[in-house]
Amino acid sequence: MVNTEDFIKRLEELLEYYSLSASGFADKINVQRSSLSHLLSGRNKPSLDFILKITDEFPEVDLYWILNGKGTFPKSENKIIENTSSTPISKIENVDKKKLESNSDLFSQNIETDNTVVKNNLEEKFSNTQNFPQTKNSSNIERIVVFYKNGSFKEYLPE
């Protein structure tokens, strides 16, 4: 739940940071000036649309900071990347260390060889011509209806 008083303080901090008046800020995020006035006075609570307009117009505003004060404003450039995998990075297999050491960057690898390996693996696992076993369901298709985006449709009946 958003604490309205704290939200108003953060909103005022935004206005001061960008050197904008309330009406200028409202115009910038494309909301009614009266809406911003009602928010700043505490009469209304912020809507999700209002919050998203702020974060869209000012990308350095962190969503969590504007909502509940957690995080930093402006967004810090140094983000900590967490390893969400259960496998430690040092234990990852199938990495050719010699290949990594010999290439100074990722772009100097032989891309065609890598693409061929990927393509061959995909063809083996995901063929669209795979035959599926017949099910023991005795139901027959009555009809197939295809709906188009323009509102029309076409019906196919079995022969």
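Every value quoted in this text rests on a predicted model; they were computed, and no experiment measured them.
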Provide the full list of salt bridge (Lys or Arg N to Asp or Glu O under 4.0 Å) pairs with a residue in [range], sequence neighbours left out, each pair given once.
range            : value
residues 3-22    : none
residues 139-158 : R143-E155
residues 21-30   : D27-R33, K28-E57
residues 17-26   : none

Measure the spacing between [atom1] of [X] and [atom2] of [Y] and express it to the nearest 0.5 Å.
X   : Y   : atom1 : atom2 : value
F50 : L36 : CZ    : CG    : 5.0 Å
D56 : N30 : CG    : CG    : 11.5 Å
L67 : T55 : CG    : OG1   : 8.5 Å

Identify whether I144 and F147 are in the same connected component of the hydrophobic contact network (ILVMFWY, side-chain heavy atoms under 4.5 Å).
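Not linked; separate clusters.
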Decide whether L63 and W65 are clustered together by the hydrophobic rule: side chain heavy atoms of Ile, Leu, Val, Met, Phe, Trp, Tyr closer than 4.5 Å, transitively.
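Cluster IDs for L63 and W65 match.
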Should we count OH of Y148 as having more than 12 external heavy atoms under 6.0 Å?
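Yes.
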Any chance CG of L157 has more than 12 other-residue heavy atoms, nucleotides or ligands included, within less than 6.0 Å?
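Counting other residues, nucleotides and ligands, CG of L157 exceeds 12 neighbours.
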Provide the closest heavy-atom pair for S21 versus L15 in the form atom of the first, atom of the second, distance.
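The pair with the smallest heavy-atom distance is O-CD2, 3.9 Å.
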Minimum heavy-atom separation for I66 to L14, with atom names?
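What the structure gives for the nearest pair is CD1-CD1, 3.6 Å.
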Hey, could you give me each pair passing ring pair (Phe, Tyr, Trp, His ring centres under 6.0 Å) that has a residue in residues 19-45? Not counting sequence neighbours.
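Pairs touching residues 19-45 that pass the test: F25-F58.
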Does some side-chain heavy atom of D49 sit less than 4.5 Å from a side-chain heavy atom of V31?
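No, too far: nothing below the 4.5 Å cut-off.
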Less than 4.5 Å apart, side chain to side chain, heavy atoms only: is that true for V61 and Y18?
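The answer is yes, as the side chains (C-beta and beyond) meet within the 4.5 Å cut-off.
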F7: partners by ring-ring contact (aromatic ring centres under 6.0 Å, His included), with sequence neighbours left out:
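Listed in chain order: nothing, the list is empty.
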